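Working notes, beginning with the structure itself.
Please read these numbers as outputs of a predicted model, since none were measured by experiment.
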Amino acid sequence: MTLAADRLRIPAERAGARGEVRVKRHVGPTLRTGIQAAVIALWCLLPFYWMIVTSFRDVGYTFDPTPFFTHVTLDNYATAFSTALGNHLGRALLNSVFIGAVVTIIALLVGTTAAYALARLEFRGKSLIAGAILAASMFPGVALISPLFQLFTDIGWMGSYQALILPSISFVLPLTVYTLASFFREMPWDLEEAARIDGCTRVQAFRRIILPLAAPAVFTTAILAFISSWNEYLISSQLSSDATQPVTVAIASFAGSQPHQEPYTAVMAAGTIVTIPLVILVLVFQRRIVAGLTAGGVKG
């Protein structure tokens with residue numbers, strides 16, 4: 001009896017040991033991934049957290065190293081919107097929304113058709129055009145300030161909305177074209193061929209079949225294009241006027257409630273106001289963004 005029991009117990013112990021090894025093998029990578037994700041999250045969110053903390057802090061305690069909310073006040077937000085101090089944040093927000101919306105719409109209208117042509121059509125000079133688009137996206141913006149300044153001064157566009165919209169389109173359009181072109185390339189040709197067999201022209205097949213399937217990628221590209229236009233500062237700081245300046249330029253020229261003192265707390269308050277809508281936008285549409293970035297084929 002004892003010998004038989006021992007023989008039965010040994011395989012059971014081995015099976016239990018193998019189970020523990022499997023659990024350890026699964027727990028190890030999961031734990032490492034969790035730690036790495038936590039470190040990345042802290043690295044990205046801590047500056048944003050400190051900006052919010054400073055935005056609610058009294059001016060006299062601007063450099064207080066306490067990592068929590070202390071000496072809380074809402075005066076910084078009032079200062080950010082105070083036109084008496086020359087801070088036209090409300091007008092700048094409307095300017096940024098208008099410029100970003102126009103840039104996004106034009107970039108999508110032009111970029112969608114250009115991406116489709118590069119991905120689905122064969123024509124002479126296709127590689128050259130793709131290379132030119134890539135080169136345009138890599139061209140440094142600082143090198144464009146002087147010629148754009150001279151050009152827009154000569155034609156009377158300095159300080160106008162079009163002087164801010166056109167350069168932004170030139171930066172956003174390559175991103176739009178390459179993002180959508182990679183998606184269109186991965187779509188199966190059978191869908192378009194079936195539509196053509198059913199009597200659709202190429203334009204009708206694109207509008208009725210391809211474009212609806214590309215909606216997640218188009219939506220993702222629209223968000224990325226809007227954020228890119230929203231964050232643009234370098235060219236806007238040189239080509240805008242007081243009436244057309246976006247939020248990035250308006251915040252850089254802030255004046256505080258205390259004379260001869262840099263308005264750090266007011267700048268942090270304005271930065272919080274500008275950043276939170278983008279965070280909410282990404283959080284609300286994060287599933288669509290992920291779907292657009294990972295789309296590119298038909299599952300079946």
Side-chain angles (χ1 to χ4, degrees), residues 41-105 159 161 164-165 167-168 171-172 222-286 288-289:
L42 288 174
W43 180 267
C44 296
L45 294 178
L46 278 178
F48 181 63
Y49 169 77
W50 188 249
M51 179 177 67
I52 296 176
V53 170
T54 307
S55 69
F56 285 101
R57 187 162 287 170
D58 188 84
V59 176
Y61 298 90
T62 300
F63 302 104
D64 186 351
T66 305
F68 308 107
F69 289 91
T70 58
H71 309 94
V72 176
T73 179
L74 295 177
D75 293 343
N76 300 319
Y77 289 88
T79 301
F81 285 98
S82 176
T83 56
L85 296 173
N87 301 331
H88 299 281
L89 182 61
R91 183 179 64 190
L93 284 170
L94 295 178
N95 289 337
S96 288
V97 171
F98 174 73
I99 294 171
V102 173
V103 169
T104 301
I105 292 173
Y161 286 109
L164 305 178
I165 291 173
S168 294
F171 293 118
V172 171
I223 294 177
L224 297 177
F226 182 84
I227 292 176
S228 176
S229 175
W230 181 276
N231 292 330
E232 201 282 321
Y233 169 76
L234 181 61
I235 292 181
S236 298
S237 64
Q238 303 299 320
L239 303 182
S240 63
S241 63
D242 292 338
T244 61
Q245 63 182 6
V247 290
T248 52
V249 180
I251 293 175
S253 59
F254 258 25
S257 57
Q258 302 293 329
H260 311 295
Q261 181 178 345
E262 190 69 24
Y264 292 110
T265 53
V267 170
M268 292 297 181
T272 302
I273 295 171
V274 171
T275 306
I276 284 180
L278 299 181
V279 174
I280 294 175
L281 183 68
V282 173
L283 291 178
V284 170
F285 298 108
Q286 60 179 334
R288 288 182 175 271
I289 294 174

Which pair of heavy atoms, one from [X] and one from [Y], lies closest together, and at what distance?
| X | Y | answer |
| --- | --- | --- |
| Gly100 | Thr104 | O-OG1, 2.7 Å |
| Phe254 | Ala250 | CD1-O, 3.1 Å |
| Thr66 | Asp64 | OG1-OD1, 2.9 Å |
| Ser229 | Val172 | N-CG2, 4.5 Å |
| Leu89 | Ala80 | CB-O, 3.3 Å |

Rounded distance [0.5 Å steps], [atom1] in [X] versus [atom2] in [Y]:
| X | Y | atom1 | atom2 | result |
| --- | --- | --- | --- | --- |
| Asn95 | Ser241 | CG | OG | 8.5 Å |
| Ser228 | Ile223 | OG | CD1 | 13.5 Å |
| Leu45 | Trp50 | CG | CH2 | 15.5 Å |
| Leu94 | Ile99 | CG | CD1 | 11.0 Å |

**Request:** Show the numbers, then the answer: is there a side chain to side chain contact (heavy atoms under 4.5 Å, CB included) between Tyr233 and Val249?
**Result:** CA-CA 6 Å; Tyr233 169 76; Val249 180; 4.1 Å; yes

**Request:** Please say whether more than 12 non-hydrogen atoms of neighbouring residues, nucleotides or ligands are located less than 6.0 Å from OH in Tyr61.
**Result:** no

Treating [X] as the side-chain partner and [Y] as the backbone partner, does any N or O pair qualify as donor plus acceptor under 3.5 Å?
| X | Y | answer |
| --- | --- | --- |
| Thr244 | Ser240 | no |
| Asn76 | Arg57 | yes |
| Ser96 | Val247 | yes |
| Thr248 | Glu232 | yes |
| Asp75 | Asp58 | no |
| Asn87 | Thr79 | yes |

**Asked** Hey, does Trp230 have a side-chain heavy atom less than 4.5 Å from the side chain of Val97?
**Response** yes

**Item:** Residue pair Thr73 / Phe56, side-chain heavy-atom distance below 4.5 Å
**Value:** no

**Message:** Can you list everything that forms a ring pair (Phe, Tyr, Trp, His ring centres under 6.0 Å) with Phe68? Sequence neighbours excluded, please.
**Reply:** none

**Asked** Partners of Tyr49 by ring pair (Phe, Tyr, Trp, His ring centres under 6.0 Å), sequence neighbours excluded?
**Response** none

Which pairs of donor and acceptor atoms, one on a side chain in residues 268-280, lie under 3.5 Å apart (sequence neighbours left out)?
from: Thr272; atom 1: OG1; to: Met268; atom 2: O; distance (Å): 2.8
from: Thr275; atom 1: OG1; to: Gly271; atom 2: O; distance (Å): 2.7

